[in-house]
Amino acid sequence: MNLVRKSLFILACAGIVLAGVYTSGCNGSGKLMLDYTQPAFEKLSEYNLFIGKMADLVPNEGLLPYDLNTPLFSDYAEKARFVYVPKDAGHAGYDSETGLVDLPVGSVLIKNFFYPVDARDPSKGRRIVETRMLVHRESGWDADTYVWNADQTEAVKEIAGSQFPVSFVNKDGKKFDINYAVPNKNQCGGCHESAGKITPIGPKLGNLNKDYHYADGLKNQLAKWVSVGILKELPKAGEINTYAVWDKPETGSLDARARAWLDINCAHCHNPKGPAKNSGLDLRIVQQNPTSWGVKKAPVAAGAGAGNKEFDIDPGNPDNSILLYRLASTESEVMMPELGRSVVHTESVDLIRQWITAMKPVTAVQ
Amino acid sequence: MNVKALLFASACALVVASCNNKPAITYINDPKKLQEALINAKEGDTIYVDEGTMEFTSSLSMMDKKNVTIKGKGMNKTVLSFKNMAKGTGGEGLKVNNCENVLVCDLSLRDMKGDGFKASECMNITMRALQVSWSNPNDSTNGAYALYPVTSTNVIVEDCDVSNASDAGIYVGQSYHAIVRRNKVHNNVAGIEIENCTNVDVYENEAYDNTGGLLVFSLPDIPVKNGTGIRIYNNKVHDNNLANFAPPANSVAIVPAGTGFLVMATPNVEVFNNEFLNHQTVNCGIVTYMATGREIKDPEGLNKGYNPFVWGISIHDNKMTKKPGLPDTTRDLGKALALAFKGNTPDIAFDGILFPGMLVDGKLPEDKRICIRNNGAATFANIDLANNMKNISTDITLFDCTLTAIEPYKAADTKVAAAPVAATTAAPAKAEEPKSN
C-alpha cells in the first residue's frame with residue numbers, strides 16, 4: 001500500500017467515525033422515520049421518535065401520547081405510550097364487542113418502560129429499560145423491542161430476549177431488586193397473539209376513555225383521537241364500556257375494578273381466541289357467564305398451578321381460589337401471568353382478594 | 001514449486017472445500033443463539049443443536065414457522081437444562097406455537113419449571129426420540145406435562161422417554177389425529193393421557209411405574225368437547241402402582257395408584273392386544289365423569305356441549321394380571337373397589353352408569369355397547385356407582401359382544417378447527433358519553 005492510498009483509507013475510516021458521531025449526537029433532529037414497508041431498524045435512534053435528548057421521551061411530530069384507565073402490571077415499570085397513524089392511512093375502526101381499536105396499516109404503537117430511581121423523589125431521575133414497538137405491516141402487526149443502554153443515549157434491537165438487574169424504590173419507600181426480563185420476539189406474541197396473529201392489547205375504547213394532559217391542554221383521549229383523525233367520529237353512547245381505574249374506588253365498584261384489572265392483565269391470553277383458550281377461562285370484561293370467568297370452574301391443565309385449590313374462583317373463599325393463588329405466586333410453574341412479572345403486585349392481589357371475598361358463596365351456577 | 005503454483009494450489013484447495021455439495025452443518029451450542037435461530041428460521045431449515053448441556057435462563061420458543069426441524073445429536077448427548085430459568089420468563093422448556101410441519105428430535109429437556117415441550121395450534125407436529133424429565137422423583141412441583149401437544153392436528157409422539165411429570169408424561173390434549181407409539185413412560189402420575197382428542201392410535205408403548213398407565217379422558221368446561229375414536233393396542237402396561245403425587249385439583253389426582261388403563265367420558269374406544277400386568281387397583285376402568293364426584297358446568301349444556309357418559313367401548317384380546325393386595329384407598333375410585341372387593345378387586349371395572357338419552361328398552365344400542373371379550377381369565381365388575389354400589393354384578397357375559405373396529409389414524413389434509421366456542425353475551429350497553437372537559 002502506498003502512502004496516498006493509506007492516508008485515503010484512514011480518512012475514509014475517520015469519515016465513518018465522524019458520521020457515526022454526527023447521527024448519534026443529533027438525536028431527534030430529523031423527521032419521524034416510521035415506514036411500515038421497511039424492516040425494523042437495529043437502533044431506536046434511527047426512527048427519530050423523540051426530539052431533543054432521547055431519554056426525555058419528548059415525541060416528534062406525528063406521535064401522540066396516550067394512557068390507559070387500567071394498565072398491565074409489568075414489575076412496577078412505568079410506561080410512556082405513543083400512537084402513530086400515517087396521515088393518509090384512513091380512520092381506525094373498532095371491535096364492536098371489545099372496543100379494541102383497529103388501527104390501519106402503517107400505524108405504530110410505542111411503549112417505553114422505565115423505573116423512577118425513587119418514586120418518592122422525581123429529582124433522582126429514572127432509568128428507561130425498554131422501548132417496545134408494534135408496527136402494523138401489510139402482513140399484520142409485527143413486534144420488536146429495543147433495550148436501552150446504561151447511559152440512556154441509545155437502545156438496541158433485542159430479538160432473543162435478555163435479563164438484567166434493576167433496582168428501584170416505590171412510592172411507599174419499599175426497595176426492589178428485580179431481575180428484569182426482556183421478552184424474546186416469540187414471547188411478544190405469547191401475549192399479543194389472537195387467533196394466530198399479533199394484535200394490540202391496550203387501546204380499547206373503554207380503556208382509552210379518560211382525560212389526558214396533552215402539550216396543548218387537558219382533553220378526553222377519544223375526543224383527541226377524533227380531532228387528529230385517528231377515529232372518524234366519537235363512538236355512540238353505549239358503544240363504550242368505560243374501564244374503571246383499578247386502584248381508584250371513585251371510578252367504579254369493586255366488581256368493575258376487578259374485572260377491568262383482569263381484562264387488561266389476563267384476557268390477552270384468557271379469551272376464546274387467545275393462547276390460553278384451551279383452559280376455557282375467559283377473563284374478558286365482556287364475558288357474562290360466571291363459569292367462563294372462573295366461578296366454580298375446575299382447572300383443566302393448571303398442573304402445579306392449581307395448588308390444592310378446587311376452583312379458579314370459589315366465591316367468598318379467596319383461599320380456595322386458584323386465580324388468586326397464581327397472582328400471588330412468583331414460582332414459574334404457578335405464577336400468572338407467566339411472562340413479564342417476577343414480583344407480586346400486592347396492591348392488585350389485595351383487590352382480587354377483596355373481590356372474591358365479597359362474592360356470595362354459590363353451590364351451583366345458572 | 002514456485003510462488004505462483006503454490007497460490008494456484010491453495011486456490012484449488014479452497015474451491016474443492018467450498019464445492020462440496022453438502023453445506024457444513026453448524027451445531028449451535030449457545031442458548032441465546034439457539035433462540036435466535038428459532039426466531040429467524042426460514043422455511044425448510046434444520047436447526048442442529050450440539051451435544052453437551054446447555055443452561056437456559058428463559059423459555060425457548062418458536063412461532064409461526066413452516067417446515068422446520070430442530071435436531072440434537074441424541075437424547076443423551078444434547079441436553080437442554082432449564083433448572084436456572086428466571087422468574088417471569090415462562091414456564092415451559094420448549095414452546096412451539098402455530099407452526100406447520102415441525103419435527104423436534106434427538107435431544108433431552110430437563111428440569112423445566114412448567115411443562116417440558118408444549119406445542120399448540122400446530123399442523124403436522126412430530127416429537128421424536130426426546131427424553132424429558134425432572135431430577136426430583138415424586139415431586140408435585142415438577143411440571144405438569146413432559147410432552148404436551150395441544151389444540152393441534154396430525155400429532156406424532158414416538159420413541160421418547162419421559163419421566164417424573166407431576167401430571168402426565170405424554171399428554172395429548174384437544175387435538176385431532178394423533179399417534180403415540182414406541183415411547184417409554186415411567187414414574188409420572190399418568191403415563192400417557194389422551195384428553196378430549198379425536199382419532200388417536202396409541203401403540204407399542206411401555207408404561208410402567210406410573211400411578212396410572214394409560215388414560216383416555218374427556219373433561220368438561222373446555223373448548224374442545226368429548227374426544228372419540230381412540231385405539232389402544234400392543235402396549236405393555238405394567239407395575240403402575242406409584243403413589244399419586246399430582247396436585248389435588250388436577251384431573252389425574254382422582255386416579256388411584258395401581259391403575260393400568262382408565263377411560264372416562266370418551267365414546268368409541270378400542271383396547272386390544274395389550275398386556276396389563278401387576279396393578280394393585282384395576283387393570284381397566286370404564287367410568288363416566290360422574291365417578292369424579294365433580295360438578296359439570298359446561299355452559300352449552302349436554303346437548304350441544306360436553307357429554308359425561310361412555311359408550312362404544314371394546315376391550316378385547318388383552319392379557320391381564322393383578323398385583324395381590326389392597327387397592328389404593330387414598331382415592332375414591334380405589335376406596336369404592338376396596339369396600340366391595342377388599343383385596344380381590346376385578347381386572348376390569350365399569351361404573352355402570354348409562355347415558356339415559358341413548359337407551360333403547362333400558363339398554364345401549366348394539367353398536368354403542370360396552371363389550372368385553374377374550375381377555376383370558378380377567379375378572380369383571382359393574383360396580384353400580386349410581387346406586388351407591390347396591391347391585392354390584394360380576395357377570396361378564398352381559399358384556400360379551402364385539403363392536404366394529406375403530407378406524408385407524410388418518411392424517412387430515414388441513415388443520416381441524418376446534419369446536420365452536422360458546423358465544424358470549426356482550427356487556428349490557430351503558431349509555432355513556434366520552435368524558436371530556
Side-chain angles (χ1 to χ4, degrees), chain A residues 75 97 159-161 163 179 181 184-187 189-190 196 209-211 218-220 222-223 234 237-238 240-242 272 275 277-280 282 285-289 291-292 296-304 306-310 322 330-333 335 338-342 364-365, chain B residues 32-33 35-36 38-40 57-59 61-64 85-91 95 97-98 113-115 120-121 140-145 150-151 166-167 173-174 219 221-224 247-251 294-295 297 299 421-422 424-427 429-437:
Chain A
D75 270 357
E97 190 181 18
I159 69 162
Q163 292 138 27
N179 184 33
N184 69 46
K185 204 174 160 90
N186 291 339
Q187 288 170 329
N209 191 18
K210 64 172 290 192
D211 289 344
L218 188 75
K219 193 166 190 175
N220 174 274
L222 295 179
L234 275 181
I240 310 166
N241 185 20
T242 301
K277 66 168 184 279
N278 64 309
S279 69
D282 181 4
I285 203 166
V286 294
Q287 178 55 262
Q288 295 289 291
N289 182 319
T291 304
S292 295
K296 289 274 179 184
K297 182 184 179 304
V300 175
N308 52 2
K309 327 286 176 199
E310 280 180 276
I322 295 163
T330 55
E331 296 301 319
S332 290
E333 70 275 25
M335 62 185 286
E338 287 180 330
L339 300 174
R341 174 170 88 74
S342 68
V365 177
Chain B
K32 197 156 180 170
K33 288 202 172 111
Q35 179 60 76
E36 278 173 4
L38 299 190
I39 288 169
N40 295 327
T57 56
S58 160
S59 183
S61 60
M62 183 164 81
M63 275 178 80
D64 310 327
M85 260 170 102
K87 286 170 181 173
T89 63
K95 191 169 174 173
N97 176 254
N98 195 38
K113 303 293 182 206
D115 305 311
S120 49
E121 306 298 324
S140 67
T141 67
N142 288 347
Y145 311 125
V150 64
T151 52
S166 71
D167 197 304
Q174 303 183 61
L219 298 183
D221 306 328
I222 50 177
V224 177
N250 293 25
S251 63
R294 295 178 181 188
E295 268 181 82
K297 295 167 295 296
V421 177
T424 56
T425 324
K430 210 168 135 196
E432 189 172 358
E433 291 292 341
K435 285 171 271 179
S436 194
N437 56 321

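Residue numbers begin at 1 in each chain, while the letters A, B, ... track the order of the sequences. When reading the values below, keep in mind they use all heavy atoms of this one structure, side chains included, and skip hydrogens, waters and symmetry mates.
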Distance from A/Q187 atom CD to B/S58 atom OG, nearest 0.5 Å?
4.5 Å
On a heavy-atom basis, the closest approach of B/Q35 and A/A160 is CG-O, 3.8 Å
Could you have a look at B/G173, B/A86, B/G114, B/G91 and say which one has the most heavy-atom pairs with chain A under 4.5 angstrom?
B/A86
Counterpart residues, salt bridge (charged side-chain N to carboxylate O under 4.0 Å, His left out), relative to B/K33 (two or more places apart)
none
A/L339 side, atom CG; B/S59 side, atom OG - distance, nearest 0.5 Å:
8.0 Å
Any sub-3.5 Å donor-acceptor pair from B/K32's side-chain atoms to A/G161's backbone N or O?
yes
Partner residues of B/S251 under the side-chain hydrogen bond (donor to acceptor under 3.5 Å, both in side chains) criterion, sequence neighbours left out
none
Determine the minimum heavy-atom distance between B/S61 and A/N184, stating which atoms define it.
OG-OD1, 3.7 Å
Please classify the contact of A/K185 with chain B as side chain, backbone, both or neither, using a heavy-atom distance under 4.5 Å.
both
Inspect the contact between A/K277 and B/E121 and indicate whether a charged nitrogen and a carboxylate oxygen are less than 4.0 angstrom apart.
yes
B/V150, B/T57, B/L38: which one forms the most heavy-atom pairs within less than 4.5 Å of chain A?
B/T57
Show your reasoning for whether side chain to side chain contact (heavy atoms under 4.5 Å, CB included) applies to B/N40 and A/I159.
CA-CA 9 Å; B/N40 295 327; A/I159 69 162; 3.6 Å; yes
Which portion of B/S120 sits near chain A, non-hydrogen atoms under 4.5 angstrom
neither
